[in-house]
2 protein chains.
Amino acid sequence: MSDEPASQGVEGAQSNLDELDIEIVQLLHKDGRMPFTEIAKQLGVSEATIRNRVQRLTNSGAITIQAYLNPNKLGFRSIALIELKMVNLERAQAIASELVEQDSVSYVAFVAGSYDLFVEVTYDTNEGLLDFLTALRAKPGIINCETATVLKLLKTQYSFQIRSTKSSSFSS
Amino acid sequence: MSDEPASQGVEGAQSNLDELDIEIVQLLHKDGRMPFTEIAKQLGVSEATIRNRVQRLTNSGAITIQAYLNPNKLGFRSIALIELKMVNLERAQAIASELVEQDSVSYVAFVAGSYDLFVEVTYDTNEGLLDFLTALRAKPGIINCETATVLKLLKTQYSFQIRSTKSSSFSS
DNA sequence: ATTGAAATAGTCGCAAC
DNA sequence: GTTGCGACTATTTCAAT
């Protein structure tokens, strides 16, 4: 249903990244179009090695290299963060499976806390969001549905640090 | 403090994307390394035009082209979704400003709902997460702090659809 | 802002280690 | 898995519209 390939499914086949892989990814995280020759020069290996590594990383789904729209630079977006408490996890799984197929749904996760499922959705208008919520809350098995609308996005890193070179301390 | 450029700040200067921009972005969203000549061929303009457009889009911060690690393909990650209710929005702004500087913090947004601030953080271990939460909850001005840990990521699209070609209806 | 053309640079395929 | 090389292709610069 989505126009994205279903490369990021539920399965979590783990791939082992070595030091070189990690350094390549870090460079491509700064600039996804950095020439392989430039990466090779910086890391002290041949261009062919970089090319082979990047192909392996992308083919395995370990990384994706894509253009991303900065939501702050676009017009108004109606973004909602939704928490769902379900009657059981089978129903949660069923609802989640439906949600991941929708283009408007950008984030779905099972969580441990006061609710079971966390969802982020994005629409061009509040009307679209209302339609979504109306359909969602008509679903059976939902005990509670808490919605928060995003007023302002301050940071959307879209990524995970492998190893932070900085201290993780949080001091004001 | 972060090793990322602070290109995605609080300011939301809106850029107007025309049809060609949108088509370019959609192609680069499928493959961030698609050659400009290929894009030009598909869209019926010269390669130089694509290059100029992409440069303008990236320089203005409207888009970023980056490699992203698929969290499902990595080893265990300790991801937490945190909701904060603050005594007032000045304190919320102050805390948010500190949070966006941290590499472990991947998402920060002001929201309207039963809490004020929504935050996503990622650590390699639960110990790192515990340290973060300990420091966070020692901050003044926090009325309530609700944390959910991610058990399984089902979808992380990291992006926004501009115009969906598919229906947005949510029917089971 | 877009284009075409020439010079430079990167990518790709492959044989060898 | 990595490398070097040759053929091919893309990118870059720039003058012109």
Side-chain angles (χ1 to χ4, degrees), chain A residues 5 7 11-70 72-75 159-160 162-163, chain B residues 4-5 7 11-70 72-75 159 162-163:
Chain A
S7 58
E11 72 286 346
Q14 185 177 343
S15 48
N16 288 330
L17 307 187
D18 64 14
E19 287 295 312
L20 183 57
D21 287 327
I22 290 170
E23 289 178 304
I24 292 170
V25 172
Q26 286 176 335
L27 289 175
L28 286 174
H29 184 65
K30 291 184 193 136
D31 176 7
R33 289 187 76 94
M34 181 181 286
F36 295 159
T37 50
E38 173 67 22
I39 299 172
K41 200 191 307 173
Q42 290 196 28
L43 300 184
V45 293
S46 75
E47 178 272 337
T49 297
I50 302 298
R51 178 155 36 95
N52 292 335
R53 293 292 190 112
V54 172
Q55 191 153 40
R56 189 167 52 73
L57 289 167
T58 52
N59 285 348
S60 71
I63 67 169
T64 55
I65 303 176
Q66 294 180 288
Y68 291 89
L69 278 162
N70 183 342
N72 284 323
K73 297 296 175 100
L74 295 173
S159 181
F160 299 89
I162 302 180
R163 296 169 306 184
Chain B
E4 282 292 293
S7 59
E11 72 287 343
Q14 185 177 343
S15 48
N16 288 330
L17 308 186
D18 64 14
E19 287 294 310
L20 184 57
D21 287 327
I22 291 171
E23 289 178 305
I24 293 169
V25 172
Q26 285 176 336
L27 288 175
L28 286 174
H29 184 65
K30 291 183 194 138
D31 176 7
R33 289 186 78 95
M34 181 181 286
F36 295 158
T37 49
E38 174 68 21
I39 299 171
K41 199 191 305 171
Q42 291 197 26
L43 301 184
V45 293
S46 75
E47 178 272 336
T49 298
I50 302 298
R51 177 155 35 92
N52 292 335
R53 293 292 190 113
V54 172
Q55 190 153 38
R56 188 167 52 72
L57 288 167
T58 51
N59 285 348
S60 70
I63 67 169
T64 55
I65 302 176
Q66 294 181 289
Y68 291 88
L69 277 163
N70 183 343
N72 284 322
K73 297 296 176 95
L74 295 173
S159 180
I162 302 181
R163 297 169 306 181

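Here is the naming used below: chain letters follow the sequence lines, and residue numbers restart at 1 for every chain. Basis for what follows: all heavy atoms, side chains included, without hydrogens, waters or symmetry-related copies.
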side-chain contact (heavy atoms from CB on, under 4.5 Å) partner of B/Leu27, chosen from B/Ile50, B/Ile39, B/Ile22
B/Ile39
Separation of [N] [atom2] from [X] [atom1] (nearest whole Å):
X: A/Ile24; N: D/dG1; atom1: CD1; atom2: C1'; answer: 12 Å
X: B/Asp18; N: C/dT2; atom1: CG; atom2: P; answer: 8 Å
X: B/Asn52; N: D/dT12; atom1: CG; atom2: C1'; answer: 11 Å
X: B/Leu20; N: C/dT3; atom1: CG; atom2: C1'; answer: 14 Å
X: B/Arg53; N: C/dT3; atom1: CZ; atom2: P; answer: 9 Å
X: B/Gln55; N: C/dT2; atom1: CD; atom2: P; answer: 13 Å

Heavy-atom pair with the smallest gap, counting every atom of B/Ile65 and B/Gly32:
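Scanning both residues, the minimum pair turns out to be CG2-O, 3.5 Å.
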B/Thr37: side-chain hydrogen bond (donor to acceptor under 3.5 Å, both in side chains) partners, not counting sequence neighbours:
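By the side-chain hydrogen bond (donor to acceptor under 3.5 Å, both in side chains) rule, B/Thr37 matches no residue at all.
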Using the side-chain hydrogen bond (donor to acceptor under 3.5 Å, both in side chains) criterion, which residues pair with A/Thr49? Sequence neighbours excluded.
A/Ser46
Just how far is it from atom CD of B/Gln26 to atom CG of A/Leu69, taken to the nearest 0.5 Å?
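Nearest 0.5 Å value for the CD-CG distance: 9.0 Å.
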Just how far is it from atom CG of A/Leu28 to atom OG1 of A/Thr64, taken to the nearest 0.5 Å?
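One finds 11.0 Å between CG of A/Leu28 and OG1 of A/Thr64.
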Whether the side chain of A/His29 engages the backbone of B/Gln66 through a donor-acceptor N/O pair (distance < 3.5 Å, no angle test) should be reported.
no
Would you tabulate the nitrogen or oxygen pairs shorter than 3.5 Å linking the protein to nucleotides 13-17 of chain C?
{"from": "C/dG13", "atom 1": "N7", "to": "A/Arg51", "atom 2": "NH1", "distance (Å)": "3.3"}
{"from": "C/dG13", "atom 1": "O6", "to": "A/Arg51", "atom 2": "NH2", "distance (Å)": "3.1"}

For residues 32-41 of chain B, which residues have at least one heavy atom under 4.0 Å from DNA chain D?
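Correct list: B/Pro35, B/Phe36, B/Thr37.
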Axis deviation across the helix from C/dA1-D/dT17 to C/dC17-D/dG1, five-pair ends, to the nearest 10°
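Answer rounded to 10°: the end axes differ by 40°.
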Partners of A/Arg53 by salt bridge (charged side-chain N to carboxylate O under 4.0 Å, His left out), sequence neighbours excluded?
A/Asp18, A/Asp21
D/dG1 OP1/OP2 closer than 4.0 Å to side-chain N/O of A/Arg56:
no
Below 4.0 angstrom from OP1 or OP2 of C/dT3, is there any side-chain N or O of B/Thr49?
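Checking B/Thr49 against C/dT3: at least one side-chain N or O falls below 4.0 Å of OP1 or OP2.
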Name all residues meeting the side-chain contact (heavy atoms from CB on, under 4.5 Å) criterion together with A/Glu38; count only those two or more places apart in sequence or in a different chain, and write none if there are none.
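Counting only residues at least two positions away or on another chain, A/Glu38 forms a side-chain contact (heavy atoms from CB on, under 4.5 Å) with A/Met34, A/Pro35, A/Lys41, A/Gln42.
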Contacts of B/Asn52 that satisfy side-chain contact (heavy atoms from CB on, under 4.5 Å) - sequence neighbours left out
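Here no residue qualifies.
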What pairs meet the salt bridge (charged side-chain N to carboxylate O under 4.0 Å, His left out) rule with one or both residues in residues 42-52 of chain B, with sequence neighbours excluded?
B/Glu47-B/Arg51
